[in-house]
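Read through the structure below, which is laid out as structure tokens, and then see the notes.
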Number of protein chains: 2
Amino acid sequence: MDKKQLPTVEKCEFVAEVLKVLSHPQRLLILCQLTDEAKSVGDLEKLSGASQSAVSQFLGKMKAQGLVKASKQNQFTYYDIADPDIKKLIQALYTIYCL
Amino acid sequence: MDKKQLPTVEKCEFVAEVLKVLSHPQRLLILCQLTDEAKSVGDLEKLSGASQSAVSQFLGKMKAQGLVKASKQNQFTYYDIADPDIKKLIQALYTIYCL
DNA sequence: GCATTATATTACGAATACATAATATAATAA
DNA sequence: TTATTATATTATGTATTCGTAATATAATGC
């Protein structure tokens with residue numbers, strides 16, 4: 001994704017795609033939790049209140065989009081933020097809405 | 001909306017609602033354009049490439065949500081950002097994705 | 001008045017997203 | 001080997017969103 005430009009239709013298409021992922025309460029909570037440290041699917045299930053299936057599906061899709069990365073350790077899969085821009089975005093949201 | 005807290009489910013529900021509005025290419029472009037200065041529906045129609053009906057509907061809904069405000073001058077309706085948090089958010093997106 | 005321009009509203013089919021249930025797989029424990 | 005735990009996958013009905021067409025309203029210009 002090239003930067004240094006005014007918002008164009010193409011840029012907005014890309015960013016809107018990212019925002020669509022964040023525009024869901026439980027997905028947003030999951031991503032917020034992951035900015036601290038990697039967490040297992042089970043951890044995120046408890047923290048978000050979403051079902052096992054939903055959490056796994058959310059993470060699978062976000063991984064496919066390159067937003068998070070997975071590392072399997074024994075029977076657990078730990079997820080972590082993969083995209084630094086997402087981390088910045090979550091931090092910006094925190095600054096605006098939580099400080 | 002009270003602030004100063006870690007992300008909670010309720011906070012995420014609120015923020016996700018806001019992000020849902022931004023998670024659409026043309027709505028995002030419209031909001032980006034409005035951070036500079038108020039613009040008419042027709043201006044936004046041209047800038048976003050969305051249909052007259054769609055632009056009017058987008059603006060109507062965003063107004064109902066308190067994100068933008070309208071001021072009618074003669075036959076034109078000028079829209080402007082109403083929520084300072086949205087302005088901050090758009091600026092953060094600009095910093096992350098356009099600089 | 002009539003035509004034109006600007007905006008808003010309503011309606012509706014098509015596409016998408018959601019939540020949930022059911023099932024599968026893989027690892028560990030007993 | 002059987003049971004249990006952790007995660008992934010698939011399926012599916014429902015709800016929501018989107019885009020567009022049609023129509024309405026309101027102001028301006030002729």
Side-chain angles (χ1 to χ4, degrees), chain A residues 9-10 12-31 33-34 37-82, chain B residues 9-10 12-31 33-34 37-82:
Chain A
V9 173
E10 299 74 38
C12 286
E13 278 166 3
F14 173 81
V15 176
E17 195 85 11
V18 172
L19 293 174
K20 196 150 58 176
V21 180
L22 306 210
S23 72
H24 178 287
Q26 293 163 329
R27 279 197 301 264
L28 180 58
L29 189 66
I30 286 172
L31 287 171
Q33 293 292 342
L34 294 183
E37 50 174 351
K39 291 194 171 63
S40 73
V41 178
D43 292 339
L44 296 169
E45 205 181 319
K46 283 165 212 127
L47 288 163
S48 72
S51 73
Q52 184 274 319
S53 178
V55 173
S56 183
Q57 286 180 70
F58 288 157
L59 291 167
K61 192 163 180 209
M62 292 193 280
K63 185 186 168 196
Q65 292 171 298
L67 305 185
V68 302
K69 56 179 185 284
S71 68
K72 189 151 193 172
Q73 285 172 37
N74 305 325
Q75 74 267 50
F76 300 98
T77 309
Y78 290 93
Y79 283 88
D80 198 356
I81 302 284
Chain B
V9 173
E10 299 73 38
C12 285
E13 278 166 1
F14 174 81
V15 176
E17 194 84 13
V18 172
L19 294 174
K20 196 150 59 178
V21 180
L22 307 210
S23 72
H24 178 287
Q26 294 164 330
R27 279 197 300 264
L28 180 57
L29 189 66
I30 286 172
L31 287 170
Q33 293 292 341
L34 293 184
E37 50 174 351
K39 290 195 172 60
S40 73
V41 178
D43 291 340
L44 296 168
E45 204 181 319
K46 283 164 211 129
L47 288 163
S48 72
S51 72
Q52 184 273 319
S53 179
V55 173
S56 183
Q57 285 179 71
F58 289 157
L59 291 167
K61 193 163 180 210
M62 293 193 280
K63 185 186 166 195
Q65 291 171 298
L67 305 186
V68 301
K69 57 178 184 284
S71 69
K72 191 151 193 173
Q73 286 171 37
N74 305 326
Q75 73 267 51
F76 300 99
T77 310
Y78 290 93
Y79 283 88
D80 199 355
I81 303 283

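Only this structure's heavy atoms are used, side chains among them; waters, hydrogens and symmetry mates stay out. Proteins come first, then strands; the chains are lettered A, B, ... in the order of their sequence lines, and each starts at number 1.
- Between B:Lys61 atom NZ and D:dG19 atom P there is a gap of 12 Å when expressed in whole angstrom units.
- Between A:Asn74 and C:dT28, a side-chain N or O to OP1/OP2 separation shorter than 4.0 Å is present.
- Between the C1' atom of C:dA17 and the CD atom of A:Glu17 lies a distance of 13 Å, rounded to the nearest Å.
- With contacts defined as side-chain heavy-atom distances shorter than 4.5 Å, the pair A:Val9/A:Glu13 qualifies.
- Taking the side chain of A:Ser53 as heavy atoms from C-beta on, and the options D:dT9, C:dT7, C:dA19, the nearest nucleotide is D:dT9.
- Going from atom CZ of A:Arg27 over to atom C1' of C:dA19 covers 12 Å, rounded to whole Å.
- Between B:Lys20 atom NZ and C:dA17 atom P there is a gap of 12 Å when expressed in whole angstrom units.
- Base contact: B:Ser56 has a heavy atom under 4.0 Å from a base atom.
- One atom, NZ of B:Lys46, and another, P of C:dT5, lie 12 Å apart when rounded to the nearest Å.
- With hydrogens and angles ignored, no donor-acceptor pair under 3.5 angstrom links the side chain of A:Gln57 to the base of D:dA8.
- What separates CD of A:Gln26 from C1' of C:dA19 is a distance of 9 Å, to the nearest Å.
- Smallest separation of non-hydrogen atoms from B:Tyr78 and B:Ala38: CB-CB, 4.4 Å.
- Between B:Arg27 and B:Val21, the shortest heavy-atom contact is NE-O, 2.8 Å.
- Rounded to whole Å, atom C1' of C:dA6 lies 13 Å from atom CG of B:Leu44.
- Among the heavy atoms of the strands lying under 4.0 Å from A:Ser51 is at least one base atom, whether or not backbone atoms are also near.
- Comparing D:dA6, D:dA21, C:dA8 by their nearest atom to the side chain of B:Gln52 picks out C:dA8.
- Each of A:Lys72 and A:Ala54 lies near DNA chain C, and the nucleotide nearest A:Ala54 is the one positioned closer to the 5' end.
- Between B:His24 and D:dT16, a side-chain N or O to OP1/OP2 separation shorter than 4.0 Å is absent.
- Side-chain contact between A:Val15 and B:Leu22 is absent, with no heavy-atom pair separated by less than 4.5 Å.
- Nearest heavy atoms, B:Lys69 versus B:Ala82: N-CB, 3.7 Å.
- For A:Thr77 against D:dA8, a side-chain-to-base donor-acceptor contact under 3.5 Å is absent.
- In terms of position on DNA chain C, the residue among B:Gly42 and A:Ser23 whose nearest nucleotide sits closer to the 5' end is B:Gly42.
- The separation between A:Gln75 atom CD and D:dT7 atom P is 8 Å, rounded to whole Å.
- Put simply, A:Tyr79 has a side-chain N or O that comes within less than 4.0 Å of OP1 or OP2 on D:dA8.
- Within 4.0 Å of A:Tyr78, counting heavy atoms only, lies no atom of the nucleic acid at all.
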